[in-house]
Colleague: 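Mind looking over this structure? Questions follow.
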Amino acid sequence: MTGHGQGGLGQHDPMLPHLGRLVGKKDLGTDIKLFQVEMVETAGKDCFADYLPGQFAFVSAMGIGEAPFGIASTPSRGDALEFGIAKVGSVTAALHSLEVGEIVGVRGPLGNGFPMDEIRNKNIFVLGGGIGGVPLRPFIMEILDRRSDYGHLTILWAARRPSLLVFTDEYESWRSATDTELHVTVDEGSEEWMANGGNEGLITRLLEAIDPSPENAVTITCGPPVMIHFVTLMLNELGFSPDQMWTTLEARMHCGIGKCGRCNMGEKLVCMDGPIFRQDEVNGFLESYL
Ligand SMILES: Cc1cc2nc3c(=O)[nH]c(=O)nc-3n(C[C@H](O)[C@H](O)[C@H](O)COP(=O)(O)OP(=O)(O)OC[C@H]3O[C@@H](n4cnc5c(N)ncnc54)[C@H](O)[C@@H]3O)c2cc1C
Ligand code: FES
């Protein structure tokens, strides 16, 4: 497995991207696409031969710029790197316009990854909101691939609208996995969604209805800051303590390797100390993030 922060970078200048070829591209939701990238050169393949669920990488659109994205795949399921990318600005729009066969730059893997050892044998509650579901997918894959290492898995999946729910084509495989349940909700259901009996309401309402037991349990949350805020409050009310809760945080980043200070939050650098933090590590500065 790669090390903390700069895993897999070897002797290569960590600010220089490796070349990757776009080998697949499909819609995940409205203005959200899944990209499959294969590294072109041996050095790039070596960097991404092994990486942790929860790590991220910078992907660059040639001549436009680069941006950080959670790696949505796991190395155990194939060589191609996957990224789920929402179109929000110049880099993401340029990436969305690429065709299969075109070249991108990729540098990483970066960041700490999910605490797979610390949560072994625990019951796990995964809470994903909108595009925040993307970095959670390799976490879910990892648990399903090593099912007997972990306790019961409950996935709570949410988005503002049905068209913004990511990885809907994987729901069936999650639902049918041993000792695993999936609950999905949207803030605002479409006519079709409601006619099919879909849940409508915030993820906190779903959480309240499920009423999870904190005993031998951990939570992993990834979503927009406002969701993290209210989910954290509710988990506190439900009796979860800060050392049972992990959150993925986002920050504007430049270098991704602890050099520029751009992603600083309190005493932490999101690119090096995160992006995944245990609640008791971030309690001091989470208010400024929200
Ligand atoms: C560790 C990490 C993992 C990420 N993983 C994903 C992912 O898996 N999928 C995905 O679609 N996006 C992800 N992002 C967010 C992604 O990096 C931004 O959407 C991207 O940088 C936008 O670039 P742009 O040039 O297209 O838009 P810009 O023109 O730079 O910005 C467009 C809009 O997005 C906002 N924005 C840009 N970056 C961020 C950010 N880091 N946090 C909050 N708002 C931002 C800007 O304020 C602006 O309103 C991640 C960010 C980080 C730090
Ligand atoms: S992005 Fe430069 S220190 Fe984190």
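Atoms within a ligand are numbered from 1 in the order they appear, just like the ligands themselves. Heavy atoms only: backbone and side chains are in, while hydrogens, waters and symmetry mates are out.
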Colleague: Same hydrophobic cluster for Leu238 and Ile119, using side-chain heavy-atom links shorter than 4.5 Å among ILVMFWY?
Modeller: no

Colleague: Look up atom NZ in Lys25 and atom CD in Glu102, then write down how far apart they are to the nearest 0.5 Å.
Modeller: 8.5 Å

Colleague: Let me know which of Asp179, Asn123, Thr178, Asn216 forms a side-chain hydrogen bond (donor to acceptor under 3.5 Å, both in side chains) with His152.
Modeller: Asp179

Colleague: List the steps and the verdict of side chain to side chain contact (heavy atoms under 4.5 Å, CB included) for Phe35 and Phe69.
Modeller: CA-CA 11 Å; Phe35 295 88; Phe69 302 100; over 6 Å; no

Colleague: Quick one: do Asp187 and Arg160 make a salt bridge, cutoff under 4.0 Å?
Modeller: no

Colleague: Enumerate the protein residues lying less than 4.0 Å from ligand 1, judged by heavy-atom distances, in chain and residue-number order.
Modeller: Phe56, Ala67, Pro68, Phe69, Gly70, Gly84, Ile85, Ala86, Val88, Gly89, Ser90, Val91, Thr92, Ile131, Val134, Glu250, Ala251, Arg252, Met253

Colleague: Taking 2.8 Å as the limit, list every protein N, O or S atom around atom 2 (Fe) of ligand 2, by chain and residue number.
Modeller: Cys255 SG, Cys260 SG

Colleague: Could you walk me through whether Val134 and Phe83 pass side chain to side chain contact (heavy atoms under 4.5 Å, CB included), step by step?
Modeller: CA-CA 8 Å; Val134 169; Phe83 299 96; over 6 Å; no

Colleague: Applying the 4.5 Å side-chain criterion to the ILVMFWY set and letting contacts propagate, would Met116 and Tyr51 be lumped into a single cluster?
Modeller: no

Colleague: Does atom NE2 (His254) have a neighbourhood of more than 12 heavy atoms from anything else shown, all under 6.0 Å?
Modeller: no

Colleague: Examine Trp193 and Leu164 and state if one hydrophobic cluster contains both, with Ile, Leu, Val, Met, Phe, Trp and Tyr joined whenever side-chain heavy atoms are less than 4.5 Å apart.
Modeller: yes

